[in-house]
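Start at 1 with the first residue, then count along the sequence. Just so you know, these numbers use all the heavy atoms, side chains as well, and skip hydrogens, waters and symmetry mates.
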Amino acid sequence: MTAASYVAVSKALPQLMMEQFAQNLTRSPRAQEQLDRKLYDFRKTRLDLFLQLSKEVQTRDALVLKDYSQSVLNSKIKASDKKIAEIEAKIKENLTQTEKVYKEFEPKIEMEQLRKERIEKGEILDEKQKGKMTEFLMGFIPGNKEEVVFEDVCLYQNDYMSLFSAGNDKKSQGYDSYAFEKACVDAGINALITGKITRYSTYLSVQVSMYQFPGAKIIANAVEVGSVDDLKSIAVSLANQITPKIADSMPVDLFFEIGPEQARENTIITIDDVVYRGIPEKMIVQSGVHTVQVSSQGFISLNTVYSFKGARTFNISVELKEDTPGTAMLYLKNPIEGSIFTNGVLASQTGELQRGSEISINNQNILGHFVGENGHSSDFFIKSRYLTDGANLVVKANPFDRSKYIDKRRRWMYTGYSALIVSLIPTFYVYGNYNSISSAYNSSAYTIDYNKAVGWQTANYITTGISIGCGVFFVYELVRYLMAANTVLPSEAKLLTKKEEEKILFEQEKALQKKLLEETKLKEAAELQEDNQNNTENLLETETEEE
């Protein structure tokens with residue numbers, strides 16, 4: 001193994017490890033880590049304040065060297081002393097807050113330590129203590145309502161190919177030096193994985209450690225030995241050893257219930273690319289997001305991505321369906337030119353001559369898509385209960401611009417609403433005047449002209465009628481708008497009755513006969529035109545010969 005190859009291995013191995021971490025990992029920072037972050041911020045602030053203090057002290061001391069009068073000098077010294085006192089007060093407050101944070105996190109750290117000891121002893125598996133252990137599992141302190149905060153695990157620069165380098169000068173000072181720690185924190189790195197590769201012949205011994213920043217604490221170690229020709233296996237093994245510490249999460253137990261009974265014999269369970277043959281009594285994984293796939297020979301595989309958080313155990317019940325591939329005929333209720341897609345796969349082209357399409361089925365629901373010649377689409381849905389081998393189905397496809405149609409109905413609905421609101425203004429005005437005139441007319445205390453009262457009564461009837469009409473129009477347009485909004489829902493396919501099948505086949509045959517007749521007429525017209533052209537040419541040749 002040459003020196004160049006050794007350098008290439010030392011660069012490729014960390015990248016392969018980082019590739020294993022490029023998934024949806026989440027973690028909950030523990031109390032010690034949160035404390036270290038706060039202490040680092042406090043320390044950084046104190047250093048800044050100390051530099052300010054040093055500058056102010058030097059500035060004050062330099063005042064005596066200036067050519068100031070005694071009164072001016074005293075004034076400037078007094079101003080400098082005031083600034084120094086303010087900075088000293090901030091440093092004192094910083095130290096007070098630091099001590100306060102220590103006391104705040106002390107019971108949390110003790111709780112986590114106790115939680116860790118109980119987990120190592122296996123007490124968490126005792127169902128009798130399950131209720132008492134909830135606080136330890138969730139990271140709660142008795143009487144504290146603070147919830148656990150989860151963070152997403154991200155790679156450096158969100159790229160597993162990018163490796164962090166703080167520079168040789170900072171690295172030479174050590175991983176626990178302030179300069180190196182500052183470089184990591186400034187780069188947004190909370191954990192750094194370092195390693196050492198030892199080569200013997202064609203085999204490698206790889207030792208890695210993970211430092212937590214701020215704090216520069218080693219929180220994980222891993223060792224692996226393997227062939228230089230199989231770096232991927234070494235990287236996967238090291239990543240699997242480090243991942244629990246990166247996630248810093250509670251292990252959870254997964255219990256599987258697989259049905260039917262025939263599927264249990266050859267069940268294969270895959271969790272995050274790790275394959276388990278058979279159904280184990282339980283599986284232990286770190287809490288977080290995992291990909292789970294269940295398959296069995298002769299059955300359709302099922303897979304899902306789920307976040308296993310917030311509980312100690314999870315019961316996963318899976319009912320596999322038999323792998324029974326077959327075909328069914330799907331017909332369009334109306335003859336429309338376009339293309340039928342089922343589960344994203346093109347089934348066939350449709351039109352007047354071919355309204356049916358053979359589709360593949362396999363004991364599962366089908367979400368279909370029809371695209372018309374106008375470019376608009378229409379979705380449809382086929383329930384698994386209708387999908388038997390050789391079944392005939394029918395669906396109503398109606399491809400059009402649904403967005404434009406919904407916007408149109410929305411505008412008409414708003415127009416009706418606006419008309420109703422506007423019509424209520426004169427209606428209330430007229431009704432108020434009519435009510436006053438009517439009351440005055442019926443009262444002996446006022447002398448109201450009869451024609452005037454009748455006029456207001458008529459106006460009341462007219463304006464009320466207009467408002468009622470506007471209200472009816474608004475309700476009508478509202479219903480139409482709701483119906484238009486429902487057009488985005490996929491239409492459901494139904495079983496094709498014998499009568500409907502005969503009708504569709506008859507219409508297809510009729511369209512075919514019509515097309516054949518048109519083709520025959522066109523052919524005959526072409527032949528007649530050709531005969532006429534030949535006769536004309538022969539006639540011209542005869543006349544030429546006679547001349």
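- Pairs engaging residues 183-195 under the salt bridge (charged side-chain N to carboxylate O under 4.0 Å, His left out) rule: Lys182-Asp186 [sequence neighbours left out].
- Remark: Asn486 pairs with no residue by the side chain to side chain donor-acceptor pair (under 3.5 Å) rule, at least two apart or across chains.
- Heavy atoms of other residues, nucleotides or ligands lying less than 6.0 angstrom from CZ of Phe255 number more than 12.
- In this view, Ser209 and Asn221 satisfy the side chain to side chain donor-acceptor pair (under 3.5 Å) rule, not counting sequence neighbours.
- At a cut-off of 3.5 Å, with distance as the only test, a side-chain donor of Ser357 or Ser348 sits close to an acceptor on the other residue.
- Applying the ring pair (Phe, Tyr, Trp, His ring centres under 6.0 Å) rule to pairs touching residues 337-396 yields nothing, sequence neighbours excluded.
- Take Glu500 and apply the side chain to side chain donor-acceptor pair (under 3.5 Å) test, not counting sequence neighbours, and it matches Thr497.
- In this structure, CG on Asp389 lies 10.5 Å from CG on Asn362, to the nearest 0.5 angstrom.
- In this view, Ser233 and Asp230 satisfy the side chain to side chain contact (heavy atoms under 4.5 Å, CB included) rule, not counting sequence neighbours.
- Take Arg402 and apply the salt bridge (Lys or Arg N to Asp or Glu O under 4.0 Å) test, not counting sequence neighbours, and it matches no residue.
- Rounding to the nearest 0.5 Å places CG of Leu482 at 11.0 Å from CD1 of Ile406.
- Distance CG/Asp323 to CZ/Phe299: 9.5 Å, rounded to 0.5 Å.
- Partner Ile193 forms a side chain to side chain contact (heavy atoms under 4.5 Å, CB included) with one of Leu238, Leu163, Ile242 and no other, that one being Ile242.
- Of the inter-residue distances, the one linking Leu393 atom CG with Ile359 atom CD1 reads 6.0 Å to the nearest 0.5 angstrom.
- Expressed to the nearest 0.5 Å, how far CG of Leu489 lies from CG of Asp379 amounts to 10.0 Å.
- For the pair Ile340 and Leu332, the minimum side-chain heavy-atom distance is below 4.5 Å.
- Around NZ of Lys515, the count of heavy atoms belonging to other residues, nucleotides or ligands within 6.0 Å does not exceed 12.
- Residues passing the side chain to side chain donor-acceptor pair (under 3.5 Å) test with Asp36, sequence neighbours excluded: Gln32, Lys217.
- For Gln297, the side chain to side chain contact (heavy atoms under 4.5 Å, CB included) criterion is met by Asn266, not counting sequence neighbours.
- Phe400 pairs by the ring-ring contact (aromatic ring centres under 6.0 Å, His included) definition with Tyr405, not counting sequence neighbours.
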Taking distance alone, no hydrogens or angles, what donor-acceptor pairs closer than 3.5 Å link side-chain atoms of residues 408-423 to residues at least two apart or in another chain?
from, atom 1, to, atom 2, distance (Å)
Arg409, NH2, Glu477, OE1, 3.1
Arg410, NH1, Asp407, OD1, 2.5
Thr415, OG1, Arg411, O, 2.7
Ser418, OG, Tyr414, O, 2.8
Ser423, OG, Ala419, O, 3.2
Ser423, OG, Leu420, O, 2.7
Ser423, OG, Ser467, OG, 3.3

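- Looking only at side-chain heavy atoms (C-beta outward), Val292 and Tyr306 stay at 4.5 Å or farther from each other.
- For the salt bridge (Lys or Arg N to Asp or Glu O under 4.0 Å) test, residues two or more places apart in sequence or in another chain that qualify with Lys494 are Glu492.
- Ion pair Glu519/Lys523 not flagged as a salt bridge, since none of the NZ, NE, NH1 or NH2 atoms sits closer than 4.0 Å to an Asp/Glu carboxylate oxygen.
- In this structure a side-chain-to-backbone donor-acceptor pair under 3.5 Å is present from Gln354 to Gly356.
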